[in-house]
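Residue numbering restarts at 1 for every chain, and letters A, B, ... go by the order of the sequence lines.
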Number of protein chains: 2
Amino acid sequence: MRKIFLFMDTIFNKVDAKGRVSLPADYRAIAKELSTEIVCYRSLSAPCIEGCLEDSLDKLATEIENATDFFSETQDNLTNLIFGDAKRFAFDSTGRIMLTEKLLKHAGITDTAVFVGKGRKFQIWNPQNWEKEEARIRAEVMKNRPTLKAQKEQE
Amino acid sequence: MRKIFLFMDTIFNKVDAKGRVSLPADYRAIAKELSTEIVCYRSLSAPCIEGCLEDSLDKLATEIENATDFFSETQDNLTNLIFGDAKRFAFDSTGRIMLTEKLLKHAGITDTAVFVGKGRKFQIWNPQNWEKEEARIRAEVMKNRPTLKAQKEQE
DNA sequence: TGGTATAACATGGTATTTTATGGGATTCAA
DNA sequence: TTGAATCCCATAAAATACCATGTTATACCA
């Protein structure tokens, strides 16, 4: 059994006419080894699909149960949005999932999907949008170097 | 079980046509003993590849998880950049990893890779670039001797 | 201490497996 | 029964495991 579970790397995969996409092999391996499933929903902050393990959402649900006070009303609304939007995606024997129209539309994905690892989560982007987003982030991080350094030194 | 794990030394290894490089034996030993894997990504500060143990990134992911709530956008950029770029590299029975085009290009590596130990991390350089970088660093450190001590203590 | 045997390592080449992806066939539900 | 979703098969490319060899470093012994 593996110790560490991180969604990483940036992978470009084709979306075929039926809407099928190969989930990157590494991502599959994680879901398989944890005997959990992949869940996807529309990102609240960007024009992309966001995904994580069902475990993560379960953890979120438990946190809400145990510490209701801790969550502000707005955050509570957000959880409604997430759980209302989230959907499990089982992959078939060849490792593909079928994204829904709603998700694909939100991310503007047509024939190619970009999987971007985020550690405990990942995102799925339209290639052009991701290219722009990556450039934007990189520029911003470079501008705020001191912050980055402080964060990295926490390691 | 070993007490101390540090990436050290400077090792020159060949990169073959497929992008395969022998990971220095000492580095392999560390990953093996810790039962973790090597992760590499493009350095944010220099034209080189940076590597560390998957443990380090996992720690970072956990910190982010704990420090922010599920929907936080503050760390969003950073996680996209770090985890989106990072990739696991398992070495085969002969101790080689296969670096990607993206990484090799960022570091300008063609046929030889220089592994430079950095303690908890290491870097992989193009030989010429490393030569220049080492000279630069050496000159700078000699010039700023008093500062060096203060900087080291911050870490 | 010097010399030799042994083991470890880097590295080239080849074989095998995995992965992504296209194209049906089959099942299911409206 | 028609459209959509799921499953199964096939294939090409890419990643990975395996084998072989020369070289270097290490251990061992006189």
**OP:** State, yes or no, whether a side-chain contact exists between Leu6(B) and Ile4(B) at a heavy-atom distance under 4.5 Å.
**Re:**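 Sidechains of Ile4(B) and Leu6(B): in contact.
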
Original post:
Near DNA chain C, which residues from residues 104-111 of chain A have a heavy atom under 4.0 Å away?
Top reply: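 Listed by number, there are none.
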
Grab the [atom1]-[atom2] distance between [X] and [N] for me, whole Å please.
X: Asp26(B); N: dA10(C); atom1: CG; atom2: C1'; result: 14 Å
X: Asn13(B); N: dT24(D); atom1: CG; atom2: C1'; result: 13 Å
X: Ile97(B); N: dT11(C); atom1: CD1; atom2: P; result: 13 Å
X: Ile11(B); N: dT24(D); atom1: CD1; atom2: C1'; result: 14 Å

Subject >> Partner set under salt bridge (Lys or Arg N to Asp or Glu O under 4.0 Å) for Arg136(A), not counting sequence neighbours >> reply: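 Glu133(A), Glu140(A).
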
Subject >> Set of residues satisfying salt bridge (Lys or Arg N to Asp or Glu O under 4.0 Å) with respect to Asp16(B), sequence neighbours excluded >> reply: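 In terms of salt bridge (Lys or Arg N to Asp or Glu O under 4.0 Å), with neighbours along the sequence ignored, Asp16(B) is linked to Arg20(B).
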
Subject >> ring-ring contact (aromatic ring centres under 6.0 Å, His included) partners of residues 88-124 of chain A, not counting sequence neighbours, each pair once >> reply: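 Only Phe7(A)-Phe122(A), Tyr27(A)-Phe122(A) qualify under ring-ring contact (aromatic ring centres under 6.0 Å, His included).
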
Could I get the full list of side-chain hydrogen bond (donor to acceptor under 3.5 Å, both in side chains) partners for [X], not counting sequence neighbours?
X: Glu131(B); value: none
X: Trp130(A); value: none
X: Ser22(A); value: none

Original post:
For residues 83-96 of chain B, which residue pairs qualify under salt bridge (charged side-chain N to carboxylate O under 4.0 Å, His left out), counting only residues two or more places apart or in two chains?
Top reply: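 Of all non-adjacent pairs touching residues 83-96 of chain B, those that pass salt bridge (charged side-chain N to carboxylate O under 4.0 Å, His left out) are Asp9(A)-Lys87(B), Glu37(B)-Arg88(B), Arg42(B)-Asp85(B), Glu54(B)-Arg88(B), Asp85(B)-Lys102(B).
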
Look for any protein N or O under 3.5 Å of an N or O in nucleotides 15-18 of chain D and output each such pair with its distance, or none.
unit_1  : atom_1 : unit_2   : atom_2 : d
dA17(D) : N6     : Arg20(B) : NH1    : 3.4

